[in-house]
Every structure is written in structure tokens, then in C-alpha cells.
Amino acid sequence: MRVFKFGGASVKDADGIKNVYDVLQKVGYEDVLLVVSAMGKTTNALETVVSAYFDKSASLQSTVQEVKKYHNQILLDLFEDDKSEVFTAVNNLFFDLEYFLSHNKSPNYNFVYDQIVSFGELISTTILSHFMSFMGIKTTWIDVRNFIKTDSTYRDAEVDWEVTQKNISKNVKRKVLNITQGFIGYDDNGFTTTLGREGSDYTAAIFAYCLNAESVTIWKDVPGVMNADPRYFENASLLNQISYREAIELAFYGASVIHPKTLQPLQKKEIPLFVKSFINPLLPGTSVSKGEDLVPFLPCFIVKKNQLLVSLSSIDFSFIMEENISEIFGLLHQYKMKVSLIQNSAISFSICVEDKFGNFNELKNILAKKFKVSYNENVSLYTIRHFNEKASQMVEENKEVLLKQVSRETMQIVTKDAS
Ligand code: ASP
Ligand code: MG
């Protein structure tokens, strides 16, 4: 069996959905399981619904209407006859969503979030599977909430592999085109859970693992995995082959092409992951698999913008030792600051961190009681895997370098952004 994942951008409008059909015609659809995300920016739009719900905002109704209008237009573009079953099916899902909004009593934000945001995937797969049937492909729509069992950590649910494996082995039909939702699961109480934003790749990997699939293909609007983000670097090149280990390293340093959790289950069973273009589906794209680390062997560039470079030094010239460091890390963890680089000397300790949740100010005041704290905001962290002279020159050119760290395979450079 092959597992295909189509993300939001690939199904953002009627043409996108027709293109999924074209891709399937070209690459085959027997013995295939499609994992599909919410259409376009629907997940963001549903997050707005959640906020409006909790803010008791007067705009709640209009936020829901917006999502409805968007999908309705796609339906009208795909199916001529608005009496067709799919209109009813999608309407029923909106009815369920509205029913939840008017009857829910739980004050738990994360729980409510999952119950609402998951409608994006339920709607997209309903539309997609009706369209494939309409075009003559025999499809089975799978409600993933009978398959992927998780704990009840809403918004970041942990998979129960044993139950999930049983569900999938027993109930996924072969020889047909299966269509299911990315990103969602169910818990002990039968409530919907989600696996974290951008979690659909992970869903594809879970199914592939449990089905012992032949491969996973992530269909994208780029030709595959590039050695650099073309938005920041000229002359980015396509990578043909990446080993699991190298891909995990790249994901660790912040390459956003592949969701980091996705690789582990695939690597365990050596199931290859292909990243291919949904515009040119017959091109080979990138293969992440057992084998050579990187083909062609090129430096790979990863940029993280909006980082903070924080230096702590001891007030009384005493050494910064294990116990200080462990205390500092405890605080960083508590304030949800993600550390992407560490450097220390006898009396000072520098870290590059990302302050996703806006906690730095509070943390800074606590640290300032024990250390002299200095910091730069808005710095960029460049990571170069397999660096060479030319690669590092390219990054450093016209920039003020604040810190540089070199290990055998990786160079990291923190630079000040022009303001
Ligand atoms: N729709 C979800 C999101 O946008 C999951 C995904 O696309 O992977 O985060
Ligand atoms: Mg998405």
C-alpha cells in the first residue's frame, strides 16, 4: 500500500482538488490511502472561531459563516448540481459544528479547540471523496476517529500505538482508494483530539507504519526538499536523496519541510518518504530513505528569524557551573523558551532562544536576580549543515556576526538583522 498526503495548499480551491484527481490518474490510486489536510487556510479560520467563542464575541456567527462560504464556493465550482448528496453531507458537518458551539459546557480551551478545529479536515475529506466518486474512482471515506487512538492531551495528543495498530490492521480495506483526515485522532471518551499544528504528515506516517506501507508521498507545491529556502537564498537546489538521520538533523535545526515527528515511525520500518511536486507528479522529487546522507552533497542552509541571543554572566566573577546551568534550563523549560544554540565560557553562558509565547520579559527579571543579563532581540540564526568556506561567507556577507559555533558537520551563525 502507498500512503499519500495532500496538504492544505494542494486543496485550497476547486482547481486544486481537480489536480489531486489528475495526480491520481498519473501515479495510480489502487491500494492507496490519502491523508488530507483542511483546505487552504481553514485551520487558521477555525482558530478564529475558537477565539470568538471564548471571547463571547458578537462576530462568532460571522467567523463560522466565513468558513461556510469558502467551502460552499468550492462545492459550487466542483459539482454543478447543488442537490447533490455532498452539499447535504457538508451542511450536516456545519450543523454539527454549530450544535457544538451552542451546547458545549466545557471551559477547557484545548478541548474546545480540538472539537472545533477538526471540522476543517472532516469537511475537506468529505468534499474530496465525493469528488473522486463523482469522477468515477471507487473511494472509501475513513473517519480517522475510529483509527488513531490518542491520550487526552488536547492540541498535542500522544498516539496510543497498540490500539491504533489494531484498528488499522483490522479495518483498512485494500484495493480501493481510502481517503482520511490528517491531524486528528480520538481519545478514551470518544472525543476528538489533534496531533499539533501541521500534524497531517505525522498522520501519514502513523498509517504507513501500521500498514507496513511501501512508501509515503507528501505532495507539495515545490519540486521536493531544497538545500535552502528559496525565499532567503538564491540558487537553492533540489536534494534527490536524504538519509533518515540527515533529515532528522535538518528538522531539528528548523527545516520546515518535514514535520519532525513524521520521520521516526518511518525510519523504524525503513519506509521511504517521497516529497514530490503535485504540479509535476512524475518527477522523482526527493527521497528520504535508508542510504546516502545527502545527494547531491551540498551545504544545507536553515534560517530561523526572530531569535533572541541572551548572555548570562555571573555577577561576582564566580564560574557558571553545572548547577547554574541546570537551573537556567529549568527556567527556560518552565517559560517555554526553545533553545537552539548554547555556548559557554567560565563566567558567561550564551543561548539563542525563541520566545514563541512572549515570556522573555518575565523570565529576564527572574534571571537578573542572579546573573548579569544582556541580550539582542530580533537576531537570525543560520545553521549550515556540511558547511564550507563559500557557504559561511555567503551567510556572513553584509551582516554583523554576533556568535559563531562550529562542529564537525554543522556551523551556526547568529547575526544581527538590519533594522
Ligand atoms: N490542518 C492542520 C494545520 O493546518 C494540519 C496540517 O495541515 O497538517 O495545522
Ligand atoms: Mg496545513
Side-chain angles (χ1 to χ4, degrees), residues 3-13 16-17 19-20 23 33-51 63-64 66-68 70-71 74 90 93-94 97 109-129 141-145 147-148 150 153-159 179-186 192-209 216-222 225 247 251 254-266 273-276 278 288 356-357:
V3 176
F4 291 170
K5 182 256 176 171
F6 284 92
S10 67
V11 292
K12 69 177 193 303
D13 52 23
I17 294 164
N19 185 62
V20 172
V23 170
L33 182 124
L34 286 193
V35 172
V36 185
S37 299
M39 292 175 165
K41 302 259 179 265
T42 300
T43 305
N44 294 354
L46 288 166
E47 285 185 342
T48 312
V49 173
V50 179
S51 305
T63 59
V64 177
E66 194 130 323
V67 181
K68 223 181 201 173
Y70 167 66
H71 287 93
I74 293 177
V90 172
L93 287 168
F94 278 107
L97 169 60
Y109 188 93
N110 292 344
F111 166 80
V112 171
Y113 178 102
D114 282 2
Q115 309 319 303
I116 293 176
V117 162
S118 51
F119 276 98
E121 272 72 11
L122 292 170
I123 297 166
S124 70
T125 52
T126 300
I127 296 176
L128 212 81
S129 73
W141 182 83
I142 289 179
D143 188 334
V144 77
R145 294 169 304 176
F147 287 81
I148 296 186
T150 69
T153 316
Y154 300 107
R155 293 185 75 183
D156 191 20
E158 190 86 37
V159 173
I179 300 186
T180 198
Q181 307 78 41
F183 176 54
I184 60 190
Y186 74 98
T192 306
T193 57
T194 66
L195 305 171
R197 285 302 305 263
E198 306 301 327
S200 294
D201 291 4
Y202 186 41
T203 304
I206 296 166
F207 271 99
Y209 180 91
V216 173
T217 307
I218 298 180
W219 297 97
K220 286 202 166 261
D221 57 359
V222 289
V225 180
S256 58
V257 258
I258 301 161
H259 190 276
K261 269 187 178 169
T262 306
L263 292 160
Q264 277 137 7
L266 299 179
L273 170 77
F274 301 114
V275 180
K276 295 193 191 207
F278 59 68
V288 178
K356 258 199 186 156
F357 300 94

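By convention here, the first residue in the shown sequence is residue 1. Both counts, for ligands and for their atoms, begin at 1 and track the order of listing. None of the values given here were measured: they were computed from a predicted structure.
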_Below the 3.5 angstrom mark, is there an N/O of K5, backbone or side chain, next to an N/O of ligand 1?_
no

_Would the distance check show the side chain of D201 and the main-chain N or O of I218 forming a donor-acceptor pair, the cut-off being under 3.5 Å?_
no

*Among side-chain atoms of D114 and T193, is any donor-acceptor pair under 3.5 angstrom?*
no

_To the closest 0.5 Å, what do you measure between CZ (F183) and OG (S37)?_
9.0 Å

*Under 4.0 Å from a heavy atom of S37: give me the atoms of ligand 1 that qualify, with their elements.*
6 (C), 7 (O), 8 (O)

*asked:* Please report the interatomic distance CZ(F4) to CH2(W219), rounded to the nearest 0.5 Å.
replied: 5.5 Å

*Which atoms from ligand 1 have a heavy atom of T43 less than 4.0 Å away?*
1 (N), 2 (C), 3 (C), 4 (O)

*Just which atoms of ligand 1 are under 4.0 Å from any heavy atom in R197?*
3 (C), 4 (O), 9 (O)

*asked:* Rounded to the nearest 0.5 Å, what separates atom CD1 in I127 from atom CG in L122?
replied: 11.5 Å

*For ligand 1, which atoms sit closer than 4.0 Å to a heavy atom of F183?*
2 (C), 5 (C)

*asked:* Is there a polar contact, in the sense of an N or O pair closer than 3.5 Å, between D201 and ligand 1?
replied: no

*Determine the minimum heavy-atom distance between V288 and A247, stating which atoms define it.*
CG1-CB, 3.7 Å

_Using only atom types and a distance under 3.5 Å, with no angle test, would you say the side chain of Q181 pairs donor to acceptor with the backbone of V144?_
yes

*Does ligand 1 have any atom that is closer than 4.0 Å to a heavy atom of G8?*
no

_If we only consider heavy atoms of E121, is any one of them less than 4.0 Å away from an atom in ligand 1?_
yes

*Using a strict 4.0 Å cut-off to heavy atoms of S200, name the atoms of ligand 1 that fall inside it.*
5 (C), 6 (C), 7 (O), 8 (O)

